[in-house]
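What follows is a single structure, written as structure tokens, with notes after it.
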Amino acid sequence: MSEQPINGGEPYIVCDNLVKIFKVADLEVVALQGLDLTVRKGELMAIIGNSGSGKSTLLNILGGLDRPSAGGCLVGGIDLVKAPESELVYYKRYKVGFVWQQSGRNLIPYLTAFENVQAPMLFANVSARNRKEYAMELLEAVGLQDRMHHHLGELSGGQQQRVAIAISLANQPELILADEPTGEVDNETASHIYEILRTLSEQRDLTVVIVSHDRNIARRVDRVVAIRDGRTSTETVRRVGGEEDGDEHSHEEFVIVDPAGRLQIPREYLQQLGIEGRAVVDVEDGRVTVRSAADDNEEEAPEDTPARRGLFGRGSG
Ligand code: ADP
Ligand code: MG
């Protein structure tokens, strides 16, 4: 497994060549096809990608709700591929908290916010006194102390998601996994929710992974990893010194190169340059260049580089 920490710090999540195949009748759907990802402890990061790219599949695996088909997945020192069922139950109960897109999946509708936050603690046998104290602390942390005795229907969508965040913390997890937590709220409310997650991450040294299809999330988190077709493709990090909020120049985008040298070239570049099927790869001035093989054949007097001789068998008949 590749154990190099990203952006310094100890790695908390390490996914190595993760594969997930769903079998539906006689068909196989490859939802993750060799995904590599490292997240350090205490990092607030986002995973973005189009619908169907494998985001929820990844999150379910990270949360111990589903097992990968192949590859490695270590979270908080637990091997989620090999761990026995009993260890997974322990992991889900004490190490990880979930926030879902639909607040209905997070909340019990006939209970108040205060009762909802206490519910997970009931199952963990926390004393009534500690339960109430901690529930109050969490509702304060998400700014809902004055709404704590409201029922679900009396809260706005954004407020319900804030209750959901408080619930996800009830078992004092090390990791929060949020699957499109702002998918059903307006931009302003979304900003507020991201702000709460950032504060919680900083105050509690929580590792937070947010799944989103919103590219603008880059300004809200430390790092964004893009998934395309079940594989990590690019990574955007906040540039040191890039302070202005919302300034795209404060971010830098990188393509991810896996240990075998595979990378994904953005589709728009391929279209722009007419690269399809085969391409020519060269090293020029310390750079690796990729260009259309078709262009190359049309050239009048191409340079006779070793790479071309190799690719087209020039000189060997
Ligand atoms: P995203 O969350 O990025 O929209 P998903 O992880 O939900 O994507 O899905 C990735 C791919 O895996 C899709 O093609 C989806 O149809 C398929 N998939 C997800 N879950 C299942 C399942 N339980 N059974 C069969 N196919 C699934
Ligand atoms: Mg999804």
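Computation of the quantities below employed the complete heavy-atom set of this structure, encompassing side-chain atoms and omitting hydrogens, waters and symmetry-equivalent molecules. When a ligand or atom number is given, it counts from 1 through the structure's own listing order.
Put simply, the side chain of Ser156 gets close to the backbone of Gln159: a donor and an acceptor are under 3.5 Å apart.
Side chains of Leu144 and Val163 form a contact here, defined as non-hydrogen atoms less than 4.5 Å apart.
In this structure, Ile108 shares a hydrophobic cluster with Tyr110, Leu111, the cluster being traced through Ile, Leu, Val, Met, Phe, Trp and Tyr side chains under 4.5 angstrom apart.
Atom CD1 of Ile227 sits about 14.5 Å away from atom NE2 of His213, to the nearest 0.5 Å.
Near ligand 1, residues Phe22, Val24, Val29, Ala31, Asn50, Ser51, Gly52, Ser53, Gly54, Lys55, Ser56, Thr57 each place a heavy atom inside the 4.0 Å sphere around the ligand atoms.
In this structure, a donor-acceptor pair under 3.5 Å is present between the side chains of Ser56 and Asp179.
Listed by chain and residue number, the protein N/O/S atoms under 2.8 Å of the Mg ion (ligand 2) are Ser56 OG, with waters left out.
Cation-pi contact between Lys132 and Tyr134: absent, since separation from the ring centre below 6.0 Å together with deviation from the ring axis within 45° is not met.
Taking the six-membered ring where the residue is Trp, Phe98 and Trp100 present parallel rings, their angle staying beneath 30° rather than reaching 60°.
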Show which side-chain atoms of residues 80-89 pair as donor or acceptor with protein atoms under 3.5 Å away, not counting sequence neighbours.
residue	atom	partner	partner atom	Å
Glu85	OE1	Arg67	NH2	3.3

Can Asp222 and Met45 be said to form a side-chain contact (heavy atoms from CB on, under 4.5 Å), step by step? CA-CA 6 Å; Asp222 305 331; Met45 63 91 64; 5.8 Å; no
